[in-house]
Amino acid sequence: MTATPANQEVSLGMPQLPAPDYPADVRARLDADAREVIARYPDSRSALLPLLHLVQSQEGHVTRTGVRFCAETLGLTTAEVTAVSTFYSMYRRKPGGDYQVGVCTNTLCAVMGGDAIFDELKQHLGVGNNETTEDGKVTLEHIECNAACDFAPVVMVNWEFFDDQTPESAKRLVDDLRAGRPVRPTRGAPLCTYKETARILAGFPDGRPGAVEATGGAGPASLIGLRLAKGEAPQHRVVHPRGEAQQQDGPPHDPSPSEHLSSHDAPQQTSASDPAHPAGPEAEEGE
């Protein structure tokens, strides 16, 4: 057997001590808030997600103390609470900045410049993915989708939209956040800190003037299908129904390679539709 060097620590696999409780005044306040949240649900355990946001609003991430609070309040095990809190990316597992800056790097945003924005911000801020600047202001992360493809590339700050971004505009955005200068989302409610956002997500009203009235609807590209269904926009067909003759300005012609129609537009002859070329049993190789 290989001996362990004398200067190397040996882990004995001892379990962690129970998480400490919140201070009495904090616990009393959270207990009152939790009762209000739980009262909204027929089954108390259904309140776990908003309670995780509630404890996150206290410390900026879900701590072991927060997990203990949720478990004791809802009659769950800490393992059950941990399983949920680690499943959803909106719950932080470690301390982070006042502003969570998420850059969409999913397909459309990436093609439109999201990858370039993310790379520029990493270099500009001197942090990697899910890392926080030294001043504790900004945590940078890449996000798979912000569900705002018609505004690509999109950056979100504490879940508020900043649309049609460029590397330069994104760098100005994080500089303003770090300097404490006013920053206004493209649409939606005024920006607030991560802890304040977590409390709102827990289900408590946003009391800031004008915050409730502010909205952030989808863009025209997102709503065109709904408008077509309601008859509010001209219905331009992209694919003609089968059997419907396509109107042409000139005489019929064979499509060029660049005009090649899809199988939906021009069904091709197959063994089922072309009696002259029926499909027979496949021959053995060499026959």
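Cluster annotation: Leu177 and Phe161 are assigned to distinct hydrophobic clusters (Ile/Leu/Val/Met/Phe/Trp/Tyr, side-chain heavy-atom contacts under 4.5 Å, transitive). When the side chains of ILVMFWY residues are joined at heavy-atom separations under 4.5 Å, either directly or via intervening members, Val101 and Leu191 end up in a single hydrophobic cluster. Residues Val174 and Val183 are members of one and the same hydrophobic cluster, defined by side-chain heavy-atom contacts under 4.5 angstrom among Ile, Leu, Val, Met, Phe, Trp and Tyr.
Panel note: side chain Gln56, backbone His53; no donor-acceptor pair is recorded below 3.5 Å. Under the 3.5 Å distance criterion, the side-chain polar atoms of Arg184 are left unmatched by any main-chain donor or acceptor of Pro190. For the pair Ser85 (side chain) and Thr82 (backbone), a donor-acceptor distance under 3.5 Å is present. Between the side chain of Arg68 and the backbone N or O of Ala19 there is at least one donor-acceptor pair closer than 3.5 Å. Arg40 places a side-chain N or O within 3.5 Å of a backbone atom of Gly203 that can act as its donor or acceptor partner.
The salt bridge (Lys or Arg N to Asp or Glu O under 4.0 Å) pairs that include a residue from residues 138-152 number zero, where partners must be two or more places apart or lie in different chains. Residue pairs satisfying the side chain to side chain donor-acceptor pair (under 3.5 Å) criterion with at least one member in residues 25-34, sequence neighbours excluded, are listed as follows: Asp21-Arg27, Arg27-Asp31, Arg27-Glu72, Arg29-Gln58, Asp33-Arg199. Residue pairs meeting the ring pair (Phe, Tyr, Trp, His ring centres under 6.0 Å) criterion with at least one partner in residues 176-197, sequence neighbours excluded, are absent. For residues 45-58, the salt bridge (Lys or Arg N to Asp or Glu O under 4.0 Å) pairs, not counting sequence neighbours, are Arg45-Glu80.
Applying the side chain to side chain contact (heavy atoms under 4.5 Å, CB included) criterion to Thr166, with sequence neighbours excluded, gives Glu168, Ser169. Legend: residues meeting side chain to side chain donor-acceptor pair (under 3.5 Å) with Thr132, ordered by chain and number and at least two apart, are Thr139. With sequence neighbours left out, the side chain to side chain donor-acceptor pair (under 3.5 Å) criterion links Asp43 to no other residue. Scanning for side chain to side chain contact (heavy atoms under 4.5 Å, CB included) contacts around Ala28 gives an empty result, with sequence neighbours left out. Qualifying side chain to side chain donor-acceptor pair (under 3.5 Å) partners for Glu196, counting only residues two or more places apart in sequence or in other chains: Thr193.
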Without placing hydrogens or testing angles, list every side-chain donor-acceptor pair under 3.5 Å for residues 112-125, not counting sequence neighbours.
| residue | atom | partner | partner atom | Å |
| --- | --- | --- | --- | --- |
| Glu120 | OE1 | Lys171 | NZ | 3.2 |
| His124 | NE2 | Asp175 | OD1 | 2.8 |
| His124 | NE2 | Asp175 | OD2 | 3.3 |

Give every donor-acceptor pair under 3.5 Å between a side-chain atom in residues 151-158 and any protein atom, sequence neighbours left out.
| residue | atom | partner | partner atom | Å |
| --- | --- | --- | --- | --- |
| Asn158 | OD1 | Gln100 | N | 2.7 |
| Asn158 | ND2 | Asp98 | O | 3.2 |
| Asn158 | ND2 | Cys192 | O | 2.7 |

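Between Glu59 atom CD and Thr65 atom OG1 the span is 6.0 Å, to the nearest 0.5 Å. Separation of atoms OG1 (Thr133) and OH (Tyr99) is listed at 11.5 Å; rounding is to 0.5 Å. Remark: Asn146 CG to Phe162 CZ distance equals 12.0 Å, nearest 0.5 Å. Here the SG-CG distance, from Cys149 to Asn106, works out to 7.0 Å after rounding to the nearest 0.5 Å.
Cluster partners of Tyr91, by chain and number: Tyr22, Val26, Leu30, Val37, Ile38, Tyr41, Leu48, Leu49, Leu51, Leu52, Leu54, Val55, Val62, Val67, Phe69, Leu74, Leu76, Val81, Val84, Phe87, Tyr88, Phe204. The rule joins Ile, Leu, Val, Met, Phe, Trp and Tyr whenever side-chain heavy atoms lie under 4.5 Å apart.
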Full working for side-chain contact (heavy atoms from CB on, under 4.5 Å) between Thr63 and His61: CA-CA 6 Å; Thr63 63; His61 69 294; 3.4 Å; yes
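Closest approach of Pro185 and Ala189 over heavy atoms only: CG-O, 3.4 Å.
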